[in-house]
Amino acid sequence: MKSFVYQNLPSRVVFGAGSLAQLPQEMDALGAARALVLCTPGQRASAERVAALLGARAAGIFDRAVMHVPIETAREAREVASRLNADCAVAIGGGSTTGLGKAIALDSGLPIIAIPTTYAGSEMTPIYGITEAGLKKTGKDARVLPRTVIYDPELSMGLPVGMSITSGINAMAHAAEGLYATDANPITDLMAQEGIAALGRALPRIHAQADDAEARSDALYGAWLCGTVLGAVGMALHHKLCHTLGGSFNLPHAETHTIVLPHALAYNAPAATQAMERIRRALGGASAAQAVYDLAHTHGAPVALKDIGLREADLDKACEIAMSNQYPNPRALERGAVRQLLQDAYEGTRPA
Ligand code: NAD
């Protein structure tokens with residue numbers, strides 16, 4: 001076995017149906033007494049449930065989390081947290097809400113308890129993103145890693161089936177790229193393969209029945225593992241392309257990941273045969289790229305960038321941005337081939 005470094009990140013995970021009820025004890029364990037509850041406008045009811053559970057220990061609810069964490073929202077939330085004397089933030093929701101918690105923590109060091117309701121995985125990473133003047137800046141900082149994560153599958157039952165599929169494939173993308181990361185190691189490989197397999201089992205069942213408790217539990221478990229991989233090792237071409245498409249062309253996050261992943265895998269397949277074999281084994285099917293494409297397509301997820309708002313005229317610019325700075329990727333970045341990858345993702349063709 002080759003030598004490796006594995007850095008454990010200091011977070012505590014509480015997993016299981018009904019585990020939301022443990023939130024007050026988890027606050028005690030952190031020594032926190034007043035929580036600001038964060039959510040999107042659409043998840044206000046969930047935040048109110050959390051506040052009711054905390055009683056007098058809920059300092060208030062901030063319900064204006066939105067995608068990509070605009071700096072203005074982050075400032076407003078920091079101000080509210082400070083005015084209400086909150087000594088922790090409880091973020092209930094997807095990556096956007098966790099992201100808002102991270103923006104508060106980056107500035108104030110306020111500990112975050114994350115209660116994820118999608119499969120995006122942000123809760124397991126020290127990565128933050130803040131958008132200022134139309135530009136999303138990302139960085140890594142140990143202060144933004146949620147200190148405690150409560151995974152309660154019951155809270156993801158209401159995630160619409162379409163979003164469940166795309167969010168689940170978004171999670172798989174972290175694990176897939178983790179398998180061919182330059183700093184991958186046997187531990188992250190185990191988590192990545194297990195995470196992809198758990199989601200691969202769960203998503204078809206969720207598609208068939210949105211409130212299948214066992215499938216929801218499997219999916220959240222998979223999302224946890226995939227998020228841990230994202231937090232532990234470096235990502236490559238796929239994440240770069242999705243960051244570009246989301247940031248510069250305002251495409252929706254999980255859908256973009258779902259569409260691009262099969263093509264990014266097809267691009268990297270010749271240079272990452274072991275990783276591809278692990279993905280293929282986790283999902284079944286003839287190849288990693290086709291297995292991911294088929295999982296999306298047969299379960300009603302979008303497979304073409306043209307169907308989620310990208311214009312064909314933007315492909316050249318997207319390619320330009322993706323090629324603009326070099327980063328580690330198993331296969332060298334070849335302009336013509338990356339442009340073709342984007343064309344295939346635009347049209348939604350099944351990878352060969
Ligand atoms: P999201 O958080 O924007 O959620 C999408 C919508 O679904 C929101 O309106 C939300 O309120 C709603 N929703 C969430 N859970 C629900 C549920 N159970 N039932 C009903 N509605 C629900 O989307 P996301 O895909 O979870 O997160 C995307 C964002 O997270 C992006 O900005 C992305 O960059 C960021 N992200 C960051 C990291 C990181 O490590 N920093 C990792 C992954 C994603």
Side-chain angles (χ1 to χ4, degrees), residues 9 11 20 38-47 49-50 62-70 73-74 91-103 105-106 112 114-131 136-146 149-175 177-178 206 210-211 216 219-220 223-224 226-235 238-248 250-258 301 308:
L9 295 178
S11 83
L20 175 65
L38 308 174
C39 64
T40 60
Q43 286 184 286
R44 172 93 199 178
S46 301
R49 190 176 154 202
V50 167
F62 185 89
D63 67 0
R64 290 194 290 287
V66 287
M67 191 80 101
H68 304 314
V69 196
T73 312
I92 179 156
S96 298
T97 305
T98 309
L100 178 61
K102 288 177 166 183
L106 183 66
I112 305 167
I115 308 174
T117 61
T118 72
Y119 307 131
S122 175
E123 66 281 356
M124 294 311 294
T125 84
I127 306 163
Y128 63 87
I130 297 177
T131 304
K136 186 166 179 177
K137 279 190 262 169
T138 57
K140 260 190 178 184
D141 193 305
R143 278 178 307 177
V144 309
L145 180 75
V149 181
I150 297 180
Y151 283 112
D152 185 341
E154 285 176 1
L155 301 173
S156 58
M157 294 277 191
L159 188 65
V161 168
M163 279 176 59
S164 302
I165 305 295
T166 54
S167 190
I169 297 176
N170 176 197
M172 282 184 187
H174 311 325
E177 287 224 295
I206 290 171
D211 63 352
R216 286 291 184 185
L220 206 54
W224 163 28
C226 294
T228 306
V229 175
L230 174 67
V233 299
M235 297 289 112
H238 169 79
H239 279 75
K240 173 75 176 178
L241 288 174
C242 292
H243 186 80
T244 299
L245 292 165
S248 304
N250 205 24
L251 298 191
H253 180 80
E255 287 90 334
T256 305
H257 273 270
T258 300
I308 60 163

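Order of listing sets the numbers, starting from 1, for every ligand and every atom in it.
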Atoms in ligand 1 with a heavy atom of [X] nearer than 4.0 Å:
| X | value |
| --- | --- |
| Leu159 | 15 (N), 16 (C), 17 (C), 18 (N), 19 (N), 22 (C) |
| Lys102 | 39 (C), 40 (O), 41 (N) |
| Gln43 | 10 (C), 11 (O), 13 (N), 14 (C), 15 (N), 16 (C), 17 (C), 22 (C) |
| Gly95 | 2 (O), 24 (P), 26 (O), 27 (O), 29 (C), 30 (O) |
| Gly94 | 2 (O), 26 (O) |
| His68 | 32 (O) |
| Leu155 | 18 (N) |

Is it the side chain (CB and beyond), the backbone, both or neither of [X] that lies under 4.0 Å from ligand 1, heavy atoms counted?
| X | result |
| --- | --- |
| Met163 | side chain |
| Leu230 | side chain |
| Thr40 | side chain |
| Met67 | side chain |

Counting both backbone and side chain atoms, is some N or O of [X] under 3.5 Å from an N or O of ligand 1?
| X | result |
| --- | --- |
| Asn170 | no |
| Ser156 | no |
| Pro160 | no |

Q. Touching ligand 1 at all, His243? Heavy atoms, strictly under 4.0 Å?
A. no
Identify the closest protein heavy atom to [atom]: which residue and atom is it, and at what distance?
| atom | result |
| --- | --- |
| atom 20 (C) of ligand 1 | Gly158 O, 3.5 Å |
| atom 1 (P) of ligand 1 | Ser96 OG, 3.4 Å |
| atom 36 (N) of ligand 1 | Ser122 CB, 4.2 Å |
| atom 43 (C) of ligand 1 | Ala120 O, 3.3 Å |
| atom 15 (N) of ligand 1 | Thr117 OG1, 2.7 Å |
| atom 40 (O) of ligand 1 | Thr125 OG1, 2.6 Å |
| atom 34 (O) of ligand 1 | Lys136 NZ, 3.0 Å |
| atom 41 (N) of ligand 1 | Ile127 O, 2.9 Å |

Looking at side-chain heavy atoms only, is the closest gap between [X] and [Y] below 4.5 Å?
| X | Y | answer |
| --- | --- | --- |
| Ile127 | Met235 | no |
| Ile92 | Thr97 | no |
| Trp224 | Thr228 | yes |
| Leu9 | Pro126 | yes |
| Met124 | Val149 | yes |
| Met172 | His257 | no |

Q) Which distance, rounded to the nearest 0.5 Å, do you find between the CD1 of Ile112 and the CG of Leu106? A) 9.5 Å
Would a distance-only check, ignoring hydrogens and angles, find a side-chain to backbone donor-acceptor pair under 3.5 Å from [X] to [Y]?
| X | Y | result |
| --- | --- | --- |
| Thr256 | Cys242 | no |
| His174 | Ala223 | no |
| Ser156 | Leu159 | no |
| Ser248 | Leu245 | no |
| Thr118 | Gly94 | no |

Q.
Per the side-chain hydrogen bond (donor to acceptor under 3.5 Å, both in side chains) rule, what does the pair list look like for residues 119-128, sequence neighbours excluded?
A.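 Those involving residues 119-128 are Lys102-Ser122, Lys102-Thr125, Tyr119-Arg216, Glu123-Tyr151.
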Q: For this output row, return yes or no: ring centroids of His239 and His243 closer than 6.0 angstrom.
A: no
